[in-house]
Protein chains: 2
Amino acid sequence: MIDIARHAGVSKSTVSLVLRSSPLVKAETRRLVERAIDDLGYVYNRGAANLRQARSNMVGMVINDLANPFFAELAVGIERVFQGAGYVPFIANTAENPLRQAEVLRALREQGVAGLIVCPSRGTPSDAFKGLVADGVPVVQAMRRVDGARAASIVPDNRRGGRQATEHLLALGHRRIAFLGGYRDTFAHAERSGGYRQALEAAGIGVDPALIIDGPPNRDGGETGLARALALPNAPTAALCFNDVVAFGVLAGLRQRGLTPGVDFAVVGFDDVADARHASPPLTTVAVDSFALGERAAQTMLRMVHGDATPVEGIGDVHLVVRESCGAGMEQAA
Amino acid sequence: MIDIARHAGVSKSTVSLVLRSSPLVKAETRRLVERAIDDLGYVYNRGAANLRQARSNMVGMVINDLANPFFAELAVGIERVFQGAGYVPFIANTAENPLRQAEVLRALREQGVAGLIVCPSRGTPSDAFKGLVADGVPVVQAMRRVDGARAASIVPDNRRGGRQATEHLLALGHRRIAFLGGYRDTFAHAERSGGYRQALEAAGIGVDPALIIDGPPNRDGGETGLARALALPNAPTAALCFNDVVAFGVLAGLRQRGLTPGVDFAVVGFDDVADARHASPPLTTVAVDSFALGERAAQTMLRMVHGDATPVEGIGDVHLVVRESCGAGMEQAA
DNA sequence: AGCGGTTTTTGGATCGTTCCAATTACGAGT
DNA sequence: ACTCGTAATTGGAACGATCCAAAAACCGCT
């Protein structure tokens, strides 16, 4: 920077002002300095800047499973918002591992992030964000909430979605409905299956614990969940799946058995990932609108960066998208 | 850090040594300092460290399209390698936009990355990495190579894969084979369709330009590509797709028309994403082994970080995975 | 020319770390 | 007790930016 100052015939302070595009420098001087910057191929050192001035322009997004298309979509959506706001978003994957998550959080903190959006990994301890929050780093949890954490959160209305989907299956005449996939000890599973229970009970149908079959929230989880459900003495005729990826597994499993999804067995997913409408048959699912949710999380974080300290607990809207995998004709709205 | 020094009754230099786990400090002193660190809830400031010592432990991964499962898998694979090596990997998405990519590259450079793995976005100018490389920052291109760029690269053997897949379809008796999806002006399209041409010509079958139908490398690209192919006066009976996602689109399109993939029309993909074997029917595809490729790219970068300056141009192995979408019986190997 | 006010520019102190050369502490050997 | 070599510790000068208070340049008026 001093080189540039010399080259342009000004002081380093002036160069600094130009770099931060301050209105205090004369246009002519600015041009001079900018020329020098180009000539010397200078690169700004953000680390040095952050040393003095606490405000960094780097935000972190800590994602539990980037291989899951839903979270990848969410991440990409959030990224877009930050970009527009002049922040530089970096994504880190935790692969659903709390230890790894702790490392990542530490690294981001050391790097001096302005704020964080976190989809907490399974088994995140309630004090995972304590240090960050105590330091005044805005932390927003998205999609999942670890209870006891004193950090903002934006999560979809999982319970309502679970209820709506179940009501839809009930309205189609199903009485034995399974809830497949996902781990029982996660936030989302508790809420989504909670809605499912509510709907069954409201309809006067008891909840059969044997029909709630958990497993990994991926394709395999769907396939093995289906296998176990169909092996039951009194097998179900429909399933609400923990998420769309599980539902894809169920679809594949049905086909392997020569059953036609939507005809021989009704399937409903959760999330509405981009692929859901391309599945065969197109998947009926609870739309979470990852983009809106991500946008809201990002906005919340930006507000916190700018000093708004009220800890938000946002609930995102959710609605059932009826396609064909549930067997409903198109005339039948949610 | 000075606070800690005071609290532990040593000098800041000693604290610094402890933080870098130098063997020069006595075990007892170390324990003392570590205690003080815990007590005061201190966080290391990586930016300040990088200021003095050029070597940072942060590496960047710049990905052209995180919403594409293939690249997401690749990113996750690369991440794992760096993690093991004690580096902190951050992912940034460019959404196939060269301007955005330039911004991201600048941000990473300002942040002081130790090295970069880049899947260059479409339309990346050949001098995109010039500054980085001139600065001595190791840059490894993965999956795609922008020609003219003086940076290492690890790419799969696209041409060979395209040829193998085409030969397989020819062996199954197909004579009208389309090449669907992907943009003609990309590196991967040129190579993959190049292999396709080679195979056709070697078999004495001319290449019909009308059968090479480009489009976005996503599901829609597959669906519309198929529509255009089938509308041709002399429609093809098989298709090699630019990548698996395009192939998924083709599969869906066939089904919509009441055609059975693998029976009425043969489909081969490219990449072998995790979902390929779960598609219905399971997708025959050219396996790229994203994990091995990512690992190799990461290793290359690490070697460069440690001073090995030889600019590698690696070619990754590729092999055809025959499943059902091509109509081959299981007895028929590649 | 001198004055007050506004716009630009500037030197030095500072952020939290690492590096280096210098210092001190320790043990063993005479 | 003294010296020597090694092990452990230390103070101060960097690194590259920002911030602040002060200085300089410029302007229009008398």
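Every chain is numbered from 1 and lettered A, B, ... according to where its sequence line falls, protein lines coming before strand lines.
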Original post:
For B:Tyr44 and A:Lys26, take the nucleotide of DNA chain C holding the closest heavy atom to each; which residue's nucleotide lies nearer the 5' end?
Top reply: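 In this pair, the answer is A:Lys26.
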What integer distance in Å separates [X]:[atom1] from [N]:[atom2]?
X: A:Leu19; N: D:dG16; atom1: CG; atom2: P; value: 14 Å
X: B:Asn45; N: D:dT18; atom1: CG; atom2: P; value: 15 Å
X: A:Leu51; N: C:dA13; atom1: CG; atom2: C1'; value: 13 Å
X: B:Leu32; N: D:dA8; atom1: CG; atom2: C1'; value: 14 Å
X: A:Glu28; N: C:dT7; atom1: CD; atom2: P; value: 18 Å
X: B:Leu17; N: C:dC20; atom1: CG; atom2: P; value: 12 Å
X: A:Met1; N: D:dA14; atom1: CE; atom2: P; value: 18 Å
X: A:Ile37; N: D:dG16; atom1: CD1; atom2: P; value: 15 Å

Please pick, from [options], the nucleotide with the shortest atom-to-atom distance to any side-chain atom of [X].
X: A:Lys12; options: C:dT9, C:dA13, C:dT17; answer: C:dA13
X: A:Thr29; options: C:dA13, C:dT8, D:dG16; answer: C:dT8
X: B:Ser11; options: D:dG11, C:dT9, C:dT17; answer: D:dG11

Original post:
Does A:Gly47 offer a backbone N or O that forms a donor-acceptor pair with the side chain of A:Asn45 under 3.5 Å?
Top reply: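 Yes, A:Asn45 side chain to A:Gly47 backbone: donor-acceptor pair under 3.5 Å.
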Side-chain contact, heavy-atom cut-off 4.5 Å: [X] with [Y]?
X: A:Phe187; Y: A:Val146; result: no
X: B:Gln111; Y: B:Phe90; result: no
X: A:Tyr87; Y: A:Leu302; result: yes

Subject >> OP1 or OP2 of D:dA17 under 4.0 Å from side-chain N/O of A:Ser16 >> reply: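 No, because none of the side-chain N or O atoms of A:Ser16 sits under 4.0 Å from OP1 or OP2 of D:dA17.
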Original post:
Between B:Thr14 and D:dT9, does any side-chain N or O lie under 4.0 Å from OP1 or OP2?
Top reply: no
Original post:
Taking atom types as modelled, is there a side-chain donor on A:Ser11 or A:Thr14 under 3.5 Å from an acceptor on the other?
Top reply: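 A donor-acceptor contact under 3.5 Å links the two side chains.
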Original post:
Quick one: does A:Arg52 reach the base of D:dA17 with a side-chain donor-acceptor pair under 3.5 Å?
Top reply: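 Checked by distance alone, the answer is no.
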Original post:
Got a donor-acceptor pair under 3.5 Å from the side chain of A:Ser13 to the base of C:dG11?
Top reply: yes
Original post:
Which comes earlier along DNA chain D counting from the 5' end, the contact point of A:Tyr42 or that of B:Val10, where each point is its nearest nucleotide?
Top reply: B:Val10
**OP:** Assign B:Arg20 to base, sugar-phosphate, or nothing according to its heavy-atom contacts below 4.0 angstrom with the strands shown.
**Re:** sugar-phosphate
